[in-house]
Amino acid sequence: MSILPSVTFHVYPTDCDMLGHLNHATMLNFLERARWALLEPQIDIRQWARQSVFSVVRHVDIDYLAQSLPGEDLVIRSGLLAARNTSYIVRQDVKKMKSHVLVAQANIVFVTIGQDGRPVRVPDEWRNILPQWPETE
C-alpha cells in the first residue's frame, strides 16, 4: 500500500455555515490548499506561474459522507488517480483526525491548456509530480 502525503486543517466556526457544519466552499478551499501543499516542496511556485502550460479545473465530483464541526481537525490525502492525453484526475479524501471517519471524497478533473486556451498534452514531468493514488483503495 502506498503512503500518500497528507495535510491537516483545523475547522474554525468561521469555516462553517449557519447550521454549524463545514461550509461547502470552505471544503473546496481546503482541497485546493492541500493540492498546493503537495506541489510546493517539488516546484518553484513563481516559475510554475510563468510556464506555457496551465491546469484548469474542468469538473469536481465530491461526495460528503459525514459532517465536520468546529474544533475538529481534518486530514486530506491527495494523489494522481489517472493521467490522460490532455487531462488528469486528482483524488482526495478527507478524514477526521481523531476518529478516522471519512468525511468526503473528491475527484477533480484538470485540463492542461496552452497560452491560447486550447487543450494540450499533459507534460510528461507533470505525470510524476503527484504521488499515485493506491489502486487498492
Side-chain angles (χ1 to χ4, degrees):
M1 177 193 238
S2 172
I3 304 283
L4 292 172
S6 63
V7 179
T8 303
F9 294 95
H10 185 76
V11 179
Y12 293 97
T14 55
D15 297 325
C16 298
D17 61 22
M18 59 193 246
L19 298 176
H21 304 105
L22 182 66
N23 182 286
H24 169 69
T26 303
M27 178 64 81
L28 291 175
N29 184 268
F30 283 178
L31 293 171
E32 183 168 8
R33 288 175 48 202
R35 291 190 305 272
W36 277 111
L38 290 178
L39 288 176
E40 277 186 320
Q42 301 179 63
I43 63 171
D44 178 342
I45 298 293
R46 290 181 186 94
Q47 275 300 100
W48 185 264
R50 288 183 227 146
Q51 58 192 345
S52 61
V53 177
F54 301 93
S55 290
V56 292
V57 174
R58 182 179 183 283
H59 180 79
V60 175
D61 181 17
I62 186 166
D63 290 318
Y64 291 99
L65 306 164
Q67 64 182 350
S68 298
L69 302 171
E72 294 179 331
D73 291 315
L74 302 177
V75 177
I76 300 178
R77 299 182 315 152
S78 307
L80 182 64
L81 184 63
R84 300 184 177 127
N85 187 35
T86 61
S87 66
Y88 60 97
I89 303 170
V90 174
R91 175 167 285 174
Q92 295 179 279
D93 68 18
V94 182
K95 291 183 180 179
K96 295 183 183 190
M97 181 179 273
K98 287 184 181 176
S99 66
H100 305 287
V101 168
L102 185 62
V103 171
Q105 292 178 310
N107 288 336
I108 297 95
V109 178
F110 294 88
V111 174
T112 48
I113 60 170
Q115 296 285 343
D116 61 1
R118 294 186 188 166
V120 298
R121 182 169 169 22
V122 176
D124 290 333
E125 58 272 14
W126 287 22
R127 297 169 189 268
N128 299 318
I129 289 177
L130 290 175
Q132 293 289 318
W133 191 267
E135 291 183 27
T136 58
E137 291 193 14

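Linking Ile, Leu, Val, Met, Phe, Trp and Tyr whenever their side-chain heavy atoms come within less than 4.5 Å leaves W133 and V75 in two separate clusters. Cluster membership check: V57 shares its hydrophobic cluster with F30, using side-chain heavy-atom separations under 4.5 Å among Ile, Leu, Val, Met, Phe, Trp and Tyr. Hydrophobic cluster membership is shared by V60 and V90, with clusters built from Ile, Leu, Val, Met, Phe, Trp and Tyr side chains linked at under 4.5 angstrom. Linking ILVMFWY side-chain heavy atoms closer than 4.5 Å, directly or via other members, places V111 and F54 in a single hydrophobic cluster.
If you take CG on N23 and SG on C16, they are separated by 8.0 Å, rounding to the nearest 0.5 Å. I62 CD1 to Q105 CD: the interatomic distance, rounded to the nearest 0.5 Å, is 9.5 Å. Q51 CD to Q115 CD: the interatomic distance, rounded to the nearest 0.5 Å, is 9.5 Å. Put simply, CZ on F9 and OG1 on T26 are 11.5 Å apart, with the number rounded to the nearest 0.5 Å. The distance from atom CG of L65 to atom CG of L102, rounded to the nearest 0.5 Å, is 5.0 Å. With values rounded to the nearest 0.5 angstrom, Q92 atom CD is found 11.5 Å from L81 atom CG.
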Verdict with reasoning, W36 to V7, per side chain to side chain contact (heavy atoms under 4.5 Å, CB included) = CA-CA 10 Å; W36 277 111; V7 179; over 6 Å; no
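Here the side chain of N128 pairs no donor or acceptor atom with the backbone of E125 at under 3.5 angstrom.
Between R84 and I89 there is a side-chain heavy-atom pair separated by less than 4.5 Å. When side chains are defined from C-beta on, W126 counts as touching V53, because their heavy atoms get closer than 4.5 Å. Residues I108 and R35 meet the side-chain proximity criterion, which asks for heavy atoms closer than 4.5 Å. At least one side-chain heavy atom of V103 sits under 4.5 Å from a side-chain heavy atom of K96. Between I76 and L31, some side-chain heavy-atom pair lies under the 4.5 Å cut-off. For the pair R33/N29, a side-chain contact is recorded, criterion being any heavy-atom separation below 4.5 Å from C-beta on. Residues H24 and L28 have side chains in contact (heavy-atom distance under 4.5 Å, counting atoms from C-beta outward). Between L69 and H21, some side-chain heavy-atom pair lies under the 4.5 Å cut-off.
Using the six-membered ring where Trp is involved, F110 and Y88 have ring planes that are parallel, under 30° apart on the 30 and 60° scheme.
Closest heavy-atom contact between R118 and D116: N-OD1, 3.0 Å. Here the shortest heavy-atom pairing between T112 and S55 reads CG2-OG, 4.1 Å. The two residues I113 and V120 make their nearest non-hydrogen contact at C-CG2, 3.8 Å. Of all non-hydrogen atoms in L4 and S78, the two that sit nearest each other are CD2-O, 3.7 Å. Between L80 and Q132, the shortest heavy-atom contact is CD2-NE2, 3.4 Å. The two residues Q67 and E72 come nearest to each other via the heavy atoms O-OE1, 4.0 Å.
Counting heavy-atom neighbours within 6.0 Å of R58 CZ, excluding the residue itself, gives a total of 12 or less. For R127, the CZ atom is densely surrounded, since the number of other residues' heavy atoms within 6.0 Å is greater than 12.
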